[in-house]
Amino acid sequence: MSDTALEDSSLIVKKVLQTQKEKHVHNQGWRNHSFVTEFILLGFSRNPRTNWILFFLFLFLYLFTVLGNGLIVTLIRVDAHLHTPMYFFLSILSLLDLSYATTTVPQMLVHLVSKHKTISYVGCVVQMYIFLTLGITETWIFAAMAYDRYIAICSPLHYGVQMSQPLCVLLAISSALCGLLCALIYTIFAMSLPYCGPNEINHFFCEIPAVLKLACADTSLNDQVDFILGFILLLILLFLILASYIRIFMSILRIRSTQGRIKAFSTCASHITVVTMFCIPCMVMYMRPSSEASPEEDKKLALFYNVISAFLNPIIYSLRNKDVKRAFFKLAGMSEDTQ
């Protein structure tokens with residue numbers, strides 16, 4: 001009996017020693033890798049002439065984005081007639097678009113005309129986190145704007161009570177907190193993976209799907225996290241926005257005044273256009289498996305919701321908006337006759 005126990009103990013000890021040896025070899029293997037301290041952003045093209053053309057194109061888009069969104073924020077701030085919940089959320093959206101573009105575009109412009117296209121590991125993490133925070137916050141602001149239009153059109157008599165200033169501030173703060181938390185989850189899961197080379201990111205900024213392709217480990221868990229968060233942040237929000245607008249359109253059809261129907265539909269159409277331009281490309285980018293992703297397609301999608309969307313938002317919201325036009329002419333010192 002004692003001999004059998006001794007043999008069993010010996011086998012257990014051998015197994016433990018073997019396990020420890022395997023762990024040591026595995027850890028030693030990772031130590032032999034030189035983990036990256038910086039990344040190289042490949043951008044769009046290696047052709048200098050093409051890069052200069054892209055530089056001037058994106059410079060124009062960025063300057064217009066800053067000017068347009070900055071102007072909307074200024075007009076809403078200085079004109080008392082625009083101190084309403086709808087324009088409160090619109091000013092936040094413009095600030096987010098301005099910040100969103102500024103997180104990536106200036107660096108992209110520098111890399112287009114520079115030989116050095118590097119970004120430090122820490123800089124990549126910071127850029128990724130800020131970009132995600134702003135993007136996720138923007139999706140929740142879209143939902144808040146849809147709720148605001150729903151109350152304004154479906155319950156106009158209770159609008160002032162239901163869309164009070166404290167509620168608007170609470171919705172804005174909640175959107176920001178959700179953005180900060182979800183972006184932290186995304187970033188921690190992405191950057192907890194080992195990156196031991198190569199360090200060339202086939203993108204124009206540190207976006208999670210592009211960075212994950214350089215990981216020296218299995219990224220299936222990251223794909224699952226991206227899908228779950230994408231489902232919550234995009235699909236569920238889009239469903240809520242769609243449900244709000246179905247109710248809104250039903251109410252619009254009951255408006256007797258033709259001019260009233262046109263005004264209500266115009267406001268809603270602008271919002272639906274902006275939501276679609278932003279959310280659909282994001283959904284394709286973050287909810288599909290990394291194995292199905294194409295670097296060139298990813299760059300085009302990222303350009304659409306990062307640069308083009310921020311560029312078009314001021315045009316969409318201002319060209320067909322009489323209140324914004326009136327505020328602009330007033331700020332410019334132009335008379336009603338000139339308008």
Side-chain angles (χ1 to χ4, degrees), residues 69 72 84-97 100 132-156 158-159 162-164 167-183 186 226-255 261-288 301 304-306 308-318 320-321:
N69 287 288
I72 286 180
T84 63
M86 183 179 79
Y87 291 109
F88 169 74
F89 290 122
L90 179 57
S91 66
I92 294 176
L93 181 66
S94 294
L95 279 174
L96 289 170
D97 282 336
Y100 203 58
L132 286 168
T133 298
L134 295 170
I136 295 169
T137 302
E138 186 159 330
T139 60
W140 286 97
I141 291 297
F142 285 143
M145 294 174 75
Y147 178 71
D148 169 71
R149 290 299 84 204
Y150 168 75
I151 298 297
I153 294 173
C154 299
S155 302
H158 303 94
Y159 181 70
Q162 294 190 27
M163 289 304 297
S164 61
L167 177 61
C168 293
V169 173
L170 179 62
L171 289 172
I173 293 174
S174 300
S175 300
L177 291 176
C178 181
L180 290 166
L181 178 61
C182 293
Y186 267 118
D226 291 353
F227 181 83
I228 292 170
L229 286 177
F231 182 82
I232 296 171
L233 298 173
L234 292 171
L235 278 182
I236 292 181
L237 276 180
L238 279 175
F239 174 77
L240 293 174
I241 292 171
L242 180 62
S244 298
Y245 276 105
I246 289 174
R247 294 290 303 274
I248 288 171
F249 288 138
M250 290 173 63
S251 297
I252 289 175
L253 293 176
R254 289 196 294 265
I255 297 176
R261 282 201 301 267
I262 293 173
K263 182 178 180 181
F265 182 78
S266 176
T267 303
C268 296
S270 299
H271 185 224
I272 292 173
T273 303
V274 171
V275 170
T276 303
M277 285 195 312
F278 184 86
C279 290
I280 299 301
C282 286
M283 194 161 53
V284 174
M285 176 73 82
Y286 284 91
M287 294 188 67
R288 68 182 174 184
L301 287 170
F304 207 84
Y305 59 74
N306 180 215
I308 306 300
S309 177
F311 166 76
L312 291 177
N313 282 359
I315 300 173
I316 294 170
Y317 278 114
S318 62
R320 301 172 65 182
N321 192 308

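When reading the values below, keep in mind they use all heavy atoms of this one structure, side chains included, and skip hydrogens, waters and symmetry mates. Being a predicted model, the structure only gives us computed values, none of them experimental.
In this structure, Asp226 has no side-chain hydrogen bond (donor to acceptor under 3.5 Å, both in side chains) partners at least two apart in sequence or on a different chain. Contacts of Asp148 classified as side-chain hydrogen bond (donor to acceptor under 3.5 Å, both in side chains), with partners at least two apart in sequence or in another chain: Tyr159. Under the rule for a side-chain contact (heavy atoms from CB on, under 4.5 Å), the partners of Ser174 that lie at least two apart in sequence or sit in another chain are Leu170.
Considering all non-hydrogen atoms of both residues, Cys182 and Leu229 come closest at O-CD1, 4.3 Å. Heavy-atom minimum distance, Pro314 versus Ile72: CA-CD1, 3.6 Å. Met277 and Phe304 make their closest contact through O-CD2, 3.5 Å (heavy atoms, listed as atom of the first residue, atom of the second, distance). The minimum heavy-atom distance between Ser244 and Tyr150, with the atom names listed, is O-CD1, 4.1 Å. Closest approach of Glu138 and Asn313 over heavy atoms only: OE2-ND2, 4.4 Å. Of all heavy-atom pairs between Ala143 and Leu237, the closest is CB-CD2, 3.6 Å.
In this structure, the separation between CG on Leu238 and SG on Cys279 is 4.5 Å, given to the nearest 0.5 Å. In this structure, CZ in Phe88 is found 12.0 Å from CG in Leu93, a value given to the nearest 0.5 Å. Note that the CD1 atom of Ile248 and the CG atom of Leu242 stand 10.5 Å from one another [nearest 0.5 Å]. Here the CG-CG distance, from Leu90 to Asp97, works out to 9.5 Å after rounding to the nearest 0.5 Å. In this structure, the separation between OG1 on Thr137 and CD1 on Ile173 is 12.0 Å, given to the nearest 0.5 Å. Rounding to the nearest 0.5 Å places CD1 of Ile272 at 7.0 Å from OG1 of Thr276.
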Inset, instruction - Output, in order, the C-alpha distance, side-chain angles, deciding distance and verdict of side-chain contact (heavy atoms from CB on, under 4.5 Å) for Thr84 and Met163. - result: CA-CA 9 Å; Thr84 63; Met163 289 304 297; over 6 Å; no

Inset, instruction - May I have the step-by-step check of side-chain contact (heavy atoms from CB on, under 4.5 Å) for Ser91 and Leu95, ending in yes or no? - result: CA-CA 6 Å; Ser91 66; Leu95 279 174; 5.7 Å; no

Inset, instruction - For the pair Met145 and Val274, evaluate side-chain contact (heavy atoms from CB on, under 4.5 Å) and give the outcome as yes or no after the intermediate values. - result: CA-CA 11 Å; Met145 294 174 75; Val274 171; over 6 Å; no

Legend entry - Derivation of the side-chain contact (heavy atoms from CB on, under 4.5 Å) call for Leu233 and Tyr286: CA-CA 11 Å; Leu233 298 173; Tyr286 284 91; over 6 Å; no

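Aromatic ring orientation, Tyr305 versus Phe278: perpendicular (interplanar angle above 60°, classes split at 30° and 60°). Using cut-offs of 30° and 60° for the angle between ring planes, the Tyr245 and Phe249 rings count as tilted.
For Ser155 (side chain) and Ile151 (main-chain N/O), no donor-acceptor pair under 3.5 Å exists by modelled atom type.
The side chain to side chain contact (heavy atoms under 4.5 Å, CB included) with Ile232 is formed by just one residue from the set Leu235, Leu234, Ile228; it is Ile228.
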